[in-house]
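Computed from heavy atoms alone, side chains included, the values below leave out hydrogens, waters and symmetry copies.
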Amino acid sequence: MDFLMSGLAACGACVFTNPLEVVKTRMQLQGELQAPGTYQRHYRNVFHAFITIGKVDGLAALQKGLAPALLYQFLMNGIRLGTYGLAEAGGYLHTAEGTHSPARSAAAGAMAGIMGAYLGSPIYMVKTHLQAQAASEIAVGHQYKHQGMFQALTEIGQKHGLVGLWRGALGGLPRVIVGSSTQLCTFSSTKDLLSQWEIFPPESWKLALVAAMVSGIAVVLAMAPFDVACTRLYNQPTDAQGKG
């Protein structure tokens, strides 16, 4: 049940955050391997990117890649948060004295993230391809011509086999290790600290909200460089042998 609820919760959030993922993906691909000032900046900032994509590609383009994004979130976070929840319920994240252990939380978060991310890697790759697809006048990065998630998975599998479906998976693991361990460790530590300070009533939703906001900021700061590298690895073109 933990795995199912974790996956569904992640999917609910994904519907609202997917437009931000589209913008993030395109801004990360903009200027790839080019010196500053030598390329046209289609997206000057987050707000300009939203407006540009809406005007040129249409408002529906802000939800590009939603199907694989939902599936990836269900698989990745269902496994990641479900596994972490089991570890927490089993008492593996606390010391013999009963206090929360940040080191154990970070290790458990990293291991749980690795399992989820590796299994969902083909879905994440297709999500990146679809989110990067744009009209020629605002296109950045390599442009795949996928018609949808299943068509993309089938085409990649037929051309490059199972190995091709997991292209970039190992390069994406550092992103997940850093992000997952930072998020879950920061969330648990912040929640534990707030409980000790008795700022909010025990089991209050405010406790979880504040802890989630703090962990979210920590994740972005820690994971951003790895996220840029991951996006570019997944989206790079390949030769006939499936090599980048």
Heavy-atom closest pair (Ala132 atom, Asn235 atom, distance to 0.1 Å) is CB-OD1, 3.8 Å
Sorted by chain and residue number, the side chain to side chain contact (heavy atoms under 4.5 Å, CB included) partners of Ser181 (sequence neighbours excluded) come out as Ala106, Ala110
In short, Leu130 meets Pro68 closest at the heavy-atom pair CD1-CG, 3.8 Å
By side chain to side chain donor-acceptor pair (under 3.5 Å), Thr128 pairs with (sequence neighbours left out) none
(Q) Check for me, please, whether Leu75 and Trp166 land in the same ILVMFWY cluster - side-chain distances under 4.5 Å, paths through other members count. (A) yes
When you look at OH of Tyr39, are more than 12 heavy atoms from neighbouring residues, nucleotides or ligands closer to it than 6.0 Å?
yes
Grouping ILVMFWY residues whenever side-chain heavy atoms fall under 4.5 Å, the cluster of Met27 otherwise contains Leu20, Val22, Val23, Leu29, Tyr43, Val46, Phe50, Ile53, Val56, Leu59, Leu62, Ile138, Val140
To the nearest 0.5 Å, atom NZ of Lys206 lies from atom CG of Leu209 at 10.0 Å
Between the CZ atom in Arg80 and the OG atom in Ser180, the distance rounded to the nearest 0.5 Å is 4.0 Å
Note: Ala208 and Phe187 closest approach over all heavy atoms is O-CE1, 3.5 Å
Sorted by chain and residue number, the ring pair (Phe, Tyr, Trp, His ring centres under 6.0 Å) partners of Tyr144 (sequence neighbours excluded) come out as His129, His142, His146
Rounding to 0.5 Å, atoms CG (Leu194) and CH2 (Trp197) come to a distance of 7.0 Å
Let me check something: any side-chain donor-acceptor pairs from residues 115-125 under 3.5 Å, sequence neighbours excluded? List them with distances.
unit_1: Ser121; atom_1: OG; unit_2: Tyr234; atom_2: OH; d: 2.6
unit_1: Tyr124; atom_1: OH; unit_2: Arg175; atom_2: NH2; d: 3.4

Show me the side-chain donor-acceptor pairs of residues 8-19 shorter than 3.5 Å, one per line, residues at least two apart or across chains.
unit_1: Thr17; atom_1: OG1; unit_2: Ala13; atom_2: O; d: 3.2
unit_1: Asn18; atom_1: OD1; unit_2: Gln131; atom_2: NE2; d: 3.0
unit_1: Asn18; atom_1: ND2; unit_2: Gln63; atom_2: O; d: 3.4
unit_1: Asn18; atom_1: ND2; unit_2: Gln63; atom_2: OE1; d: 3.0
unit_1: Asn18; atom_1: ND2; unit_2: Lys64; atom_2: O; d: 3.1

State plainly whether one hydrophobic cluster holds both Leu173 and Leu162, where clusters connect Ile, Leu, Val, Met, Phe, Trp and Tyr through side-chain heavy atoms under 4.5 angstrom apart.
-> yes
Apply side-chain contact (heavy atoms from CB on, under 4.5 Å) to His42 and Arg26, showing your working.
-> CA-CA 9 Å; His42 298 298; Arg26 296 194 185 184; over 6 Å; no
A side-chain contact here means heavy atoms from C-beta on lying under 4.5 Å apart; do Leu93 and Ser101 qualify? no
With side-chain contact (heavy atoms from CB on, under 4.5 Å) as the criterion, how do Arg167 and Ile156 come out once you've worked through the C-alpha distance, each side chain's angles and the decisive distance to 0.1 Å? CA-CA 10 Å; Arg167 178 173 61 86; Ile156 295 171; over 6 Å; no
**OP:** Check whether any side-chain heavy atom of Ser195 lies under 4.5 Å from a side-chain heavy atom of Leu207, and answer yes or no.
**Re:** yes
Apart from Val219 itself, members of its ILVMFWY cluster (side-chain separation under 4.5 Å) are Met223
Distance col, row Glu137:CD vs Asp57:CG, nearest 0.5 angstrom, shows 7.5 Å
Check whether any side-chain N or O of Thr52 sits under 3.5 Å from a backbone N or O of His48 as a donor-acceptor pair, and report yes or no. yes
Apart from Leu221 itself, its cluster of hydrophobic side chains linked below 4.5 Å comprises Ile217
Discussion item. Taking the side chain as everything from C-beta on, heavy atoms only, tell me whether Val220 gets closer than 4.5 Å to Asp227.
Written reply: no
For residues 104-113, the side-chain hydrogen bond (donor to acceptor under 3.5 Å, both in side chains) pairs (sequence neighbours left out) are Tyr84-Ser105, His100-Ser105
By side chain to side chain contact (heavy atoms under 4.5 Å, CB included), Ala218 pairs with (sequence neighbours left out) Thr182, Thr186
Going by chain and number, the hydrophobic cluster around Leu233 (ILVMFWY, side chain to side chain under 4.5 Å) further includes none
* Asked: Crowded around Glu198 CD? As in, over 12 foreign heavy atoms under 6.0 Å?
  -> no
Rounding to 0.5 Å, atoms CG (Leu153) and CG (Leu71) come to a distance of 8.5 Å
Residue set satisfying side chain to side chain donor-acceptor pair (under 3.5 Å) with Glu21, at least two apart, ordered chain then number -> Lys127
On a heavy-atom basis, the closest approach of Ser204 and Phe200 is CB-CB, 4.2 Å
Quiz item: Can you tell me if Thr231 and Gln28 form a side-chain donor-acceptor pair at under 3.5 Å?
Solution: yes
| said: Treating Gln73 as the side-chain partner and Ala69 as the backbone partner, does any N or O pair qualify as donor plus acceptor under 3.5 Å? | reply: no
Val178 and Ala222 have their tightest heavy-atom pair at CG1-O, 3.5 Å
Correct closest heavy-atom pair for Ile79 and Thr83 would be O-OG1, 2.6 Å
